[in-house]
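Side chains included, hydrogens not; waters and symmetry mates left out as well; all remaining heavy atoms used. Just so it is clear: chains get the letters A, B, ... in the order the sequence lines come, proteins before strands, and each one is counted from 1. Quick caveat, the model's predicted, so the values are computed rather than measured.
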2 protein chains.
Amino acid sequence: MTPATSTQSELAAGSDAAPVPKGLSQTQRAVRDLREMIVNNHLPPGSNYLETELAEMLGMSRTPVREAVIVLESQGLVESRPRRGVRVLPLSARDMEEIYEVLTELEAHAAERAASAPIKAADREAVETALRDMDLALAGDDREAWAQADKRFHDLLVQLAGNGRLTAIVDSFNDQVHRARMLTVRLRPSPTKSNQDHRDLFNAILAGDAAKARALHVRHRTEAKNLIIGLLESHGFHQV
Amino acid sequence: MTPATSTQSELAAGSDAAPVPKGLSQTQRAVRDLREMIVNNHLPPGSNYLETELAEMLGMSRTPVREAVIVLESQGLVESRPRRGVRVLPLSARDMEEIYEVLTELEAHAAERAASAPIKAADREAVETALRDMDLALAGDDREAWAQADKRFHDLLVQLAGNGRLTAIVDSFNDQVHRARMLTVRLRPSPTKSNQDHRDLFNAILAGDAAKARALHVRHRTEAKNLIIGLLESHGFHQV
DNA sequence: GTGTGTGTTTATGTATACGTAATAATATGC
DNA sequence: GCATATTATTACGTATACATAAACACACAC
């Protein structure tokens, strides 16, 4: 779900090649599987697990589990508390606000940047496809497909900015709110306006109107945030 | 597959107190000490260390060292490569660009936010002190003291935005460029203009002019970035 | 000299061992 | 019954053990 970005410069010595690992290490597997289980709500927010339990669940010893937990902790998905186990972090409305604030800012900046440079044909095509998929999903009222295409659209825009660190942060924060989005995507009204927003935004980018792209993105994300938080509260969720 | 100890969230329960650890764990100590050594250039960029070496340096076994390395890796300070040891990541001009791009955006946003809310007297006082310290350091031409007060000023502004996640990212990115800043702070011309920038910026915040605060901050950081990158290049550093 | 094969060394990934501090359980006193 | 002291349990932090695969060295063929 979150591909690690490789934006690292190699030292002057051109000696080093990429250290390609053939099969995933246990730690990497643990990170992947645990993240997958957390963002897809298989490990519910607020639940606790002992290291031993996780190790048994994943069929490995405690060592790689501990290492994976550190990674996930740094991504804000879990919290490891001395003797109470590893806790899947729930999101409060306040957490959502914080995350969306950063997300809005960085994504809007990416949109601004994308508008300031010419778009490669392949990139443009990929975005157009995402837009079409969103319309298709909307027509068929397939909310999961819509959410997936929506994510793809926003991810592509961020990548257009060409800043690996920015992409990494956005990916990580998106993971953190994924649960809330999937929960509300079925509760919200049909995202017709959202699709229109996307088109307007991309048009602004294509037109090279950076200021408009930024403004549209900020508005789009702000509305999305308010919608999600409102839905969660009106349905009685104080934590997700 | 053992079920979770308590698959039920202990949400509402205000039962939990802060899990205060009396003495740092070895892992925490390793994180603190290694970070300290890295940002202060005691472990030079590009240098490699075997886990065993670090363990010996820190007087502990490999286990906590490995855990610390994972943390520092997630903060972009080191890279652990399969059989080549832990490498202190050097920063290229491109890396600086990426980091400053995120930093500029998030700090400018923080300034904008700070301008949109009333400032508490204590906060205002703290910022004023930082400003005074910068002037004092400038008068005495104490570059280290100036850099320290400058950092304090910017940190305070970010905290005024009241977003913990934003603060965490900015802190982490500041760590990554700390080396470069300290290296150039002695090479750059006297930061007279910088001090004036700071005052103008803070005045805009106090006046509640969010747009101006943002614009000033963007300009300030952009100039700082160009200054640093220019200095590094003109002095022949391609990596720091 | 260049390339290939074989043996050796060793850094790492992972499992396991183990002491300790925190929690739970039990007993004791009032 | 409730509070406190005492003991037992156990989850974790850390050290250690160990197998494996990568890097290295060296021999050999051409």
Side-chain angles (χ1 to χ4, degrees), chain A residues 4 10-11 13-34 43 46-74 78-89, chain B residues 1-8 10 13-34 43 46-74 78-89:
Chain A
E10 290 287 318
L11 193 48
S15 54
D16 340 275
V20 179
K22 41 2 10 204
L24 298 191
S25 71
Q26 298 290 63
T27 301
Q28 291 171 312
R29 210 163 60 71
V31 170
R32 175 169 55 77
D33 293 354
L34 288 176
L43 302 185
S47 57
N48 289 303
Y49 306 90
L50 300 181
E51 291 176 359
T52 319
E53 294 179 68
L54 294 178
E56 191 161 347
M57 277 172 65
L58 299 170
M60 58 183 70
S61 80
R62 277 176 54 219
T63 309
V65 168
R66 280 179 64 86
E67 298 192 346
V69 165
I70 294 174
V71 172
L72 297 173
E73 201 162 16
S74 83
V78 305
E79 176 191 29
S80 171
R81 302 187 301 173
R83 233 140 248 275
R84 283 182 242 199
V86 176
R87 189 167 78 123
V88 178
L89 283 178
Chain B
M1 218 173 300
T2 321
T5 39
S6 72
T7 311
Q8 204 35 270
E10 35 184 324
S15 54
D16 343 277
V20 179
K22 16 75 284 264
L24 298 191
S25 70
Q26 298 288 66
T27 301
Q28 292 171 310
R29 208 162 62 71
V31 169
R32 175 168 55 77
D33 292 353
L34 288 176
L43 303 185
S47 57
N48 286 83
Y49 306 90
L50 300 180
E51 292 177 358
T52 319
E53 294 180 66
L54 294 178
E56 190 160 348
M57 276 173 66
L58 299 169
M60 58 183 73
S61 80
R62 277 176 54 219
T63 309
V65 169
R66 280 180 63 87
E67 299 193 345
V69 165
I70 293 173
V71 171
L72 297 173
E73 201 162 16
S74 83
V78 305
E79 177 191 27
S80 171
R81 302 189 301 173
R83 234 141 250 275
R84 285 179 240 199
V86 176
R87 188 168 78 126
V88 178
L89 283 177

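The list of salt bridge (charged side-chain N to carboxylate O under 4.0 Å, His left out) pairs with a residue in residues 48-61 of chain B, not counting sequence neighbours, reads E51(B)-R62(B), E51(B)-R66(B).
Between A30(A) and L58(A), the shortest heavy-atom contact is CB-CD1, 4.0 Å. Summarising the geometry of R87(A) relative to G46(A), their closest heavy-atom pair is CG-O, 3.8 Å, with the distance given to 0.1 Å.
Here the CZ atom belonging to R32(A) is positioned 5.5 Å from the CG atom belonging to L24(A), to the nearest 0.5 angstrom.
Evaluation of the side chain to side chain contact (heavy atoms under 4.5 Å, CB included) rule for V88(B) yields I38(B), L43(B), S47(B), Y49(B), R179(B) as partners, not counting sequence neighbours. Residues that satisfy the side chain to side chain donor-acceptor pair (under 3.5 Å) test with T27(A), not counting sequence neighbours, are E67(A). Legend: residues meeting side chain to side chain donor-acceptor pair (under 3.5 Å) with T63(B), ordered by chain and number and at least two apart, are absent. Evaluation of the side chain to side chain donor-acceptor pair (under 3.5 Å) rule for S80(A) yields no partner, not counting sequence neighbours. Considering only residues two or more places apart in sequence or on other chains, Q26(A) meets the side chain to side chain donor-acceptor pair (under 3.5 Å) condition with R29(A).
If you take CG of N48(B) and C1' of dA11(C), they are 13 Å apart, rounded to a whole angstrom. Nucleotide dT14(C) holds its P atom 11 Å from the CD atom of E51(B), rounded to whole Å. In this structure, CG of L58(A) is placed 15 Å from C1' of dA15(C), rounded to the nearest angstrom.
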So which protein nitrogen or oxygen atoms get under 3.5 Å of nucleotides 14-17 of chain D's nitrogens or oxygens?
| from | atom 1 | to | atom 2 | distance (Å) |
| --- | --- | --- | --- | --- |
| dT14(D) | OP1 | Q26(B) | N | 2.3 |
| dT14(D) | OP2 | T27(B) | N | 3.4 |
| dT14(D) | OP2 | T27(B) | OG1 | 3.2 |
| dA15(D) | OP2 | S61(B) | N | 2.7 |
| dA15(D) | OP2 | S61(B) | OG | 2.4 |
| dA15(D) | O5' | S61(B) | OG | 3.3 |
| dA15(D) | N7 | T63(B) | OG1 | 2.8 |
| dT16(D) | O4 | T63(B) | OG1 | 3.4 |

Listed pairs, N/O of protein and of nucleotides 7-10 of chain C, under 3.5 Å:
none

Trace of the side chain to side chain contact (heavy atoms under 4.5 Å, CB included) decision for E73(A) with V86(A) = CA-CA 9 Å; E73(A) 201 162 16; V86(A) 176; over 6 Å; no
Go ahead and write out DNA chain D as dot-bracket, 5' to 3': ( ) for pairs within the strand, [ ] for ones crossing earlier pairs, | when the partner sits on another strand, dots for unpaired; Watson-Crick or G-U wobble, both distances under 3.5 Å.
-> ||||||||||||||||||||||||||||||
